Amino acid sequence: MPRYNPAQIEPKWQAYWEERQTFRTPDLPTSKKLYVLDMFPYPSGDGLHVGHPEGYTATDIVSRYARMRGRCVLHPMGFDAFGLPAEEHAIRTNTPPRESTEKNIENFTRQLKMLGFSYDWNRVLATTDVEYFKWTQWIFLVLFDTWFDREQQKGRPIAELPIPEEIAAEGEAAVRRYQDRHRLAYQADALVNWCPALGTVLANEEVIDGKSERGGHDVVRIPLRQWMLRITAYADRLEKDLELLDWPEGVKKLQRDWIGRSTGAEVDFFLGDADAFEAWKSRRAETGFPEEPGEDVLRVYTTRPDTLFGATYMVIAPEHPFVPRLTTSEQKEAVESYCRKAASKSDRERTEGSKQKTGVFTGAYAVNPVSGQPIPIWIADYVLISYGTGAIMAVPAHDTRDFEFAQQFDLPIVAVVDPGESADVDREAVLAGQACFVGEGTAIHSGPYDGLPTREFKERITADLSDKGLARPAVHYKLRDWLFSRQRFWGEPFPILHELDDEGRPTGLLRPVPESDLPVDLPPLEDYKPHGRPEPPLEKAPESWLYVTLDGKRYRRETNTMPQWAGSCWYYLRFIDPRNDQRFVDAEKEKAWMPVDLYVGGAEHAVLHLLYARFWHKVLYDRGYVSTPEPFQKLVNQGMILGEMEYTTYQTGEGVYVSAADVEKSPEGQWQRRSDQVAVTPQRIEPDQVEKRGDRFVLKDHPEIEVESRAYKMSKSRGNVVNPDAIVRDYGADALRLYEMFMGPLEATKPWSMAGVHGVRNFLDRVWRLVIDEGAETMRLHPSFSEEPATDEQRRVLHKTIEAVTRDTEGMRFNTAIARMMEFVNYFTRQERRPREALEPFVLLLAPYAPHLAEELWQQLGHDESLSYEKWPEADPRWTRDETVEVPVQVLGKVRARVSVPADADPAALEEAARNEPRIARLLEGKQVVKVITVPGRLVNFVVR
RNA sequence: GCGAGAGUGGCGGAACUGGCAGACGCGCUGGAUUUAGGAUCCAGUGGCCGGAAGGCCGUGGGGGUUCGAAUCCCCCCUCUCGCACCA
């Protein structure tokens, strides 16, 4: 009984591909290249999730299709294997994280191979491979060796950094410190997010609402010496070059917003007596606007220099260095208490009561440079130390935040922009200082600038104040420098040495580990437990690792490690030349394969991973190590796969049903009845207890009770996780692949459905029976199989299928491509004669989607080579066009009949045929035909009166 | 609050450039076959009225443009995902 048995044929073909190295890619492309890349997975202990094979199947189809079209395809896979879970496991079990990591990689590899992806497994790599992170460290040293030349907008070797004379005069140590301050990789005392529970510092991006993204633990802010990467230097190019990319607009916009470029002006406000103001001004007129603000001014950044005349007070961040100096003795206590509170508050708490602004007066005043008026300086946490200059001029009439603050503390509000008459602005209230207007308008109360429109005003005043040395045009970014060190064990060690003096104390001077000494491997540790202090676990490393002597000098190794992002910043380059021990990638191979033509992965990496990788790539580009300005030409985000659809009812403690529409979440996160806040419990019910009434679902037994119906994200806690191993066991890998592609568009979020898996498995069974005689004792072709030529009708079906499947595969519309193949099978299953001429091309069309089944059928059809490099079938236009078409005939836009006409019938013939159709003739009788619309091959429409 | 995306049968989803709404799959109904099957094959399946022929309604809601709108424009509603005082 030769039934379709994926459990048998799938391992068979996987072994075949592996033994014959079917998907081994040459070092250099032998025909037009195509680089198809998946976002490589983190090998967690849970194994593959059904979300992984979604993107992986899509790229596999593209790769297999491209090979059959004669392209030379690079399609690799690897593992992003550094990271917290492995380290936490190490701490729990006191085993080296490498052990569990390697076990997980093995499991992932098994699962990936079981799905039949056509990766070149010779190129597999893990970011934790010592031979891999050797080059991650090497790239770090490139960053360390690079400074950013603003004039050329380009990263250059640190040796080319011009040294100011006064620095050079101070000697070599001063020069080295000066260079260190300009490197793309530099150290800084940063206010960091220290997470005591995880025992590490987290990047801003890893802190969500004041809690750690992983685990949801509390995070506090403490200052600590950190490695930073100067990604802000590249902000402009990272933004501009998005234009070059074939990426979803949404992702580009996310990146643009993240970079957050804004233009405006930096303005200095004089700190001192109003009498000294004029003297200061004339000094400034001579010296111009200084690079660094002195102690006698408060420098602010504003995007609305046109509202300077309306600046009635100033605000500085609680962390601003001027706080102690500006605070008067009367205000000292209040200020100190306020700043203490602000420091202890997480970002979450700061933003929580965002309606309620808090702040405290310093007691000091600054002089408004345009009006000469003294205005008070306040401290408030709505001003962030990390953006702009950490200080603002407050214009309450034209900035919502300033307006709220001014109302809270009764500060003057002076309107300086007349919004004009408009339906949605209360002009009177704005002019009276009772409402806030943030739009553009016409200047008022602005001295010589009165009457200017906002835009012109901005330019004029910026230029005027620049001439007087009071301001300068400025560009700022929301993007911050990248906090690049972690206080963890399981990451790449920094290849950096700290120089020690004779007493063994650090001198503050740095030295990169010589390239010949790379890699710096991780030392073995006695235990992996965090010691609860913010210092890294590598502090516990053996002295033999920790201390190094080079050229007679003693050094201590850097003990921070790199964040997980590091390894994924350049893996796409290493895949091109994974075993090279001389270079991170061979230049010729890099040039031949880059850029990545198609990159598919989850939308969760839309900003960080992609931005970081682009940044590294640009540095490598500037330094001449790679040939393209951007790494990933085309990007596609696969949508999330949700769990199976769930129906939920809510009941009170007494068992009374509550309609889903009447249920809300309490502030504490509990479900409750909206009307009286009585607690209710959600309960999942079976679909057969539910029916549809109108546009909602209700309980069959209680139709007045509305049921909630939706699909949830898969999670262990909800228990709706689908395991790919189980699907492959029960339905086969081809069924899993096909189902994930058939669910809907690749980019869409879609719910899982076991019934749907069953459906595609059914299709694969039908494909099998189309070719194979299932009823026979031994394996043989179906009795309907024929060597005779196909009929004209069969050819039309075949060639239309080829045309549609080709078009849809090209456009990555895999769901509709599969639908077309199903139609083919439905048609040919009904055929008494199934000619080879039709079956063979069909098997080739199916091959990228269900490669195991296709290979098996191909073999049964008498071929002894894999079909992986067979020529993709071509649609013959003679058979894709019908000779006659059925065209709908409308009267007043409603379809009333259909007529069969030659496909190339001209409008007159079409109209003629339509008028002759008996039903239409009857409808037109006695009516006046005002107009006839004919679209050849599509329709006829009579407009009658 | 701001931004992006999406609302089409019982369900997942199709529909080229404005031109037959519901391809394909699931489910359901009926039939054939079978010792039996949750297997296979065939047919039907948006709603309402009707015996039928046929008619009317129908792509979240309301308006508009057009001979013709799921598709274009305006207003509103709902859901999902981002962002969260960035001066």
Side-chain angles (χ1 to χ4, degrees), chain A residues 3 208-209 248-251 253-254 257-258 260 262 264 300-304 307 315 347-348 350-351 354-355 357 380-384 386-395 398-402 404-405 476-480 603-604 606-607 639-640 642 645 687 690-692 695 697 709-711 713 739 742-745 747-760 762-763 765-766 769 774-775 807 813 815-823 826 829-830 886-895 897-898 919 930-935 937-944:
Chain A
R3 288 215 169 170
I208 311 286
D209 295 337
E249 273 315 308
V251 176
K253 190 168 185 311
L254 277 175
D257 290 352
W258 192 264
S262 79
V300 302
Y301 171 64
T302 177
T303 55
R304 291 294 299 270
T307 60
V315 186
D347 278 358
R348 165 69 169 183
R350 278 199 190 188
T351 52
S354 59
K355 280 159 236 135
K357 293 265 183 295
D381 63 8
Y382 81 91
V383 171
L384 309 176
S386 48
Y387 184 77
T389 60
I392 62 156
M393 65 174 206
V395 186
H398 305 293
D399 181 284
T400 326
R401 298 151 302 184
D402 297 344
E404 284 165 7
F405 190 82
H476 281 270
Y477 301 91
K478 289 206 297 195
L479 184 70
R480 308 288 151 78
E604 66 274 19
V607 180
M640 207 195 319
L642 304 174
M645 189 74 92
V690 171
E691 67 181 353
K692 188 135 187 188
D695 56 357
F697 286 91
S709 125
R710 57 170 291 197
K713 219 166 155 162
Y739 172 64
F742 189 59
M743 290 173 88
E747 297 89 339
T749 303
K750 39 210 177 276
W752 185 266
S753 151
M754 266 322 167
V757 183
H758 197 83
V760 294
N762 199 23
F763 163 68
D765 276 310
R766 282 165 66 81
R769 287 192 297 268
E774 203 179 55
R807 190 182 352 98
R813 290 180 297 271
N815 52 332
T816 48
I818 293 167
R820 299 312 295 261
M821 291 193 268
M822 288 174 167
E823 287 180 279
N826 289 344
T829 294
R830 285 191 302 265
E886 200 172 66
V887 169
V889 183
Q890 302 181 332
V891 177
L892 285 171
K894 280 189 205 287
V895 180
R898 286 165 232 279
R919 225 173 101 69
V930 184
K931 196 173 172 189
V932 184
I933 293 108
T934 53
V935 184
R938 300 220 63 111
L939 62 45
V940 184
N941 185 13
F942 292 98
V943 184
V944 298

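As the structure is a computational prediction, the values presented were derived from the model and not from experiment. Here is how names work: the chains are called A, B, and so on, in the same order as the sequence lines, proteins then strands, and each is numbered from 1. Every heavy atom of this structure was used, including side-chain atoms; hydrogens, water molecules and symmetry mates were not.
When each of B/rG25, B/rC26, B/rC11 is scored by its nearest atom to the side-chain atoms of A/M645, the top-ranked nucleotide is B/rC11. Proximity note for A/A819 (side chain, C-beta onward) versus B/rC42, B/rG25, B/rA23: the nearest is B/rA23. Distance from the side chain of A/R830 is smallest for B/rA43 among the nucleotides B/rA43, B/rC85, B/rG25. Across B/rG25, B/rC85, B/rG13, the shortest atom-to-atom separation from the side chain of A/K750 is found for B/rG13. The side chain of A/V935 lies closest to B/rG19 when the candidates are B/rC85, B/rC26, B/rG19. Listed candidates were B/rC24, B/rA87, B/rG13. Nearest to the side chain of A/M822 is B/rC24. With distances taken from any side-chain atom of A/L939 to the nucleotides B/rA87, B/rC41, B/rG19, the minimum falls on B/rG19. Relative to the side chain of A/R766, the nucleotides B/rA87, B/rC24, B/rC41 differ in distance, and B/rC41 lies closest. Taking only side-chain atoms of A/P745, from C-beta outward, the nucleotide of B/rG12, B/rA87, B/rA14 with the closest atom is B/rA14. With B/rA14, B/rU80, B/rC42 as the choices, the nucleotide that has an atom nearest any side-chain atom of A/N815 turns out to be B/rA14.
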- Intermediate values then yes/no, side-chain contact (heavy atoms from CB on, under 4.5 Å), A/Y387 and A/R480: CA-CA 8 Å; A/Y387 184 77; A/R480 308 288 151 78; 3.9 Å; yes

Exercise. Just do the side-chain contact (heavy atoms from CB on, under 4.5 Å) check on A/N941 and A/K931 with the steps written out, would you?
Key: CA-CA 8 Å; A/N941 185 13; A/K931 196 173 172 189; over 6 Å; no

- Message: Between A/R769 and A/T829, is the side-chain contact (heavy atoms from CB on, under 4.5 Å) condition met? List the steps.
- Response: CA-CA 8 Å; A/R769 287 192 297 268; A/T829 294; over 6 Å; no

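Between A/D257 atom CG and A/K253 atom NZ the span is 3.5 Å, to the nearest 0.5 Å.
Side-chain contact check for A/M393 versus A/D402: every heavy-atom pair is 4.5 Å or farther apart. Here the side chains of A/V943 and A/L892 are in contact, with some heavy-atom distance below 4.5 Å. Side-chain contact check for A/R3 versus A/D765: every heavy-atom pair is 4.5 Å or farther apart.
As rounded to the nearest Å, B/rA23 and B/rC2 have C1' atoms that lie 39 Å from one another. With both ends at atom C1', the span from B/rG9 to B/rU29 equals 16 Å, rounded to whole Å. As rounded to the nearest Å, B/rA52 and B/rU45 have P atoms that lie 14 Å from one another. Comparing the P positions of B/rC75 and B/rA21 gives a spacing of 29 Å, expressed to the nearest Å. Across the P atoms, B/rG27 and B/rA84 are found 45 Å apart, a figure rounded to whole Å. Remark: the separation of the P atoms in B/rA43 and B/rC26 is 14 Å, to the nearest Å. Separation of the C1' atoms belonging to B/rG12 and B/rU66 is 33 Å when rounded to the nearest angstrom. Only the C1' atoms considered, B/rC16 is 16 Å distant from B/rA69, to the nearest whole Å.
Nearest heavy-atom pair, A/S262 versus A/T303, reported as atom, atom and distance to 0.1 Å: OG-CG2, 3.9 Å. When all heavy atoms of A/P888 and A/R938 are compared, the closest pair comes out as CD-O, 3.0 Å. A/A394 and A/V315 make their closest contact through CB-CG2, 4.4 Å (heavy atoms, listed as atom of the first residue, atom of the second, distance). Residues A/A606 and A/L254 come closest through the heavy atom pair CB-CD1, 3.8 Å.
Pairing of B/rG1, defined by two Watson-Crick or G-U wobble distances under 3.5 Å, is identified with B/rC83. Across all strands shown, B/rG50 remains unpaired; no Watson-Crick or G-U wobble contact has both distances below 3.5 Å. For B/rG9, there is no paired nucleotide, since no Watson-Crick or G-U wobble pair has both relevant distances below 3.5 Å. The nucleotide B/rC67 finds its pairing partner in B/rG19, both defining distances of the Watson-Crick or G-U wobble pair being shorter than 3.5 Å. B/rA39: no Watson-Crick or G-U partner with both key distances under 3.5 Å is found in any strand.
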Going 5' to 3' through nucleotides 54-59 of chain B and flagging B where a protein heavy-atom sits under 4.0 Å of the base, S where only the sugar-phosphate is that close, and - otherwise, we get SSSS--

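Contact annotation: A/R807 does not reach the phosphate of B/rC16 (side-chain N/O to OP1 or OP2, under 4.0 Å). Proximity of A/T829 to the phosphate of B/rC41: no side-chain N or O atom is located under 4.0 Å from OP1 or OP2.
Look at CG on A/N826: it is 9 Å from P on B/rC26, rounded to the nearest Å. In this structure, A/W258 atom CH2 and B/rG3 atom C1' are separated by 14 Å, rounded to whole Å. We find that CG of A/D257 is positioned 15 Å from P of B/rC2, with the value rounded to whole Å. The distance from atom CH2 of A/W752 to atom P of B/rG12 is 16 Å, rounded to the nearest whole Å. Atom pair A/R710:CZ and B/rC79:P shows a separation of 10 Å (rounding to whole Å applied). Taking atom CE of residue A/M640 and atom C1' of nucleotide B/rU80, one finds them 9 Å apart after rounding to whole Å. Here B/rA4 presents its C1' atom at 11 Å from CD of A/E249, a figure rounded to the nearest Å. Atom CE in A/M743 sits about 16 Å away from atom C1' in B/rA14, given to the nearest Å.
Comparing A/G756 and A/Y387, the nucleotide of RNA chain B nearest to each residue sits closer to the 5' end for A/G756. Residue-to-nucleotide proximity on RNA chain B shows that, of A/H476 and A/I818, the 5′-proximal contact is made by A/I818.
Within 4.0 Å (heavy atoms only), A/R769 reaches sugar-phosphate atoms of the nucleic acid but no base atom. Within 4.0 Å of A/E747, counting heavy atoms only, lies no atom of the nucleic acid at all. Among the atoms of the strands shown, none is found under 4.0 Å from any heavy atom of A/S386. Nucleic acid contact for A/S753: none, since no nucleic acid atom lies under 4.0 Å from a heavy atom of the residue.
You'll find a donor-acceptor pair under 3.5 Å spanning the side chain of A/R938 and the base of B/rC16, going by distance alone.
Nucleotide B/rG9 is shown with a syn base, its glycosidic torsion being within 90° of 0.
Below 30°, between 30° and 60°, or above 60°: for A/Y301 and A/H476 the angle between ring planes is between 30° and 60°, a tilted geometry. Relative ring orientation between A/F405 and A/Y382 is described as tilted, the plane-to-plane angle lying within the 30° to 60° band.
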Short heteroatom pairs, N/O only, protein and nucleotides 65-70 of chain B, under 3.5 Å:
unit_1: B/rC67; atom_1: O2; unit_2: A/N941; atom_2: ND2; d: 2.5

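Formation of a donor-acceptor pair under 3.5 Å by the A/Y739 side chain with backbone atoms of A/G759 is not found in this model.
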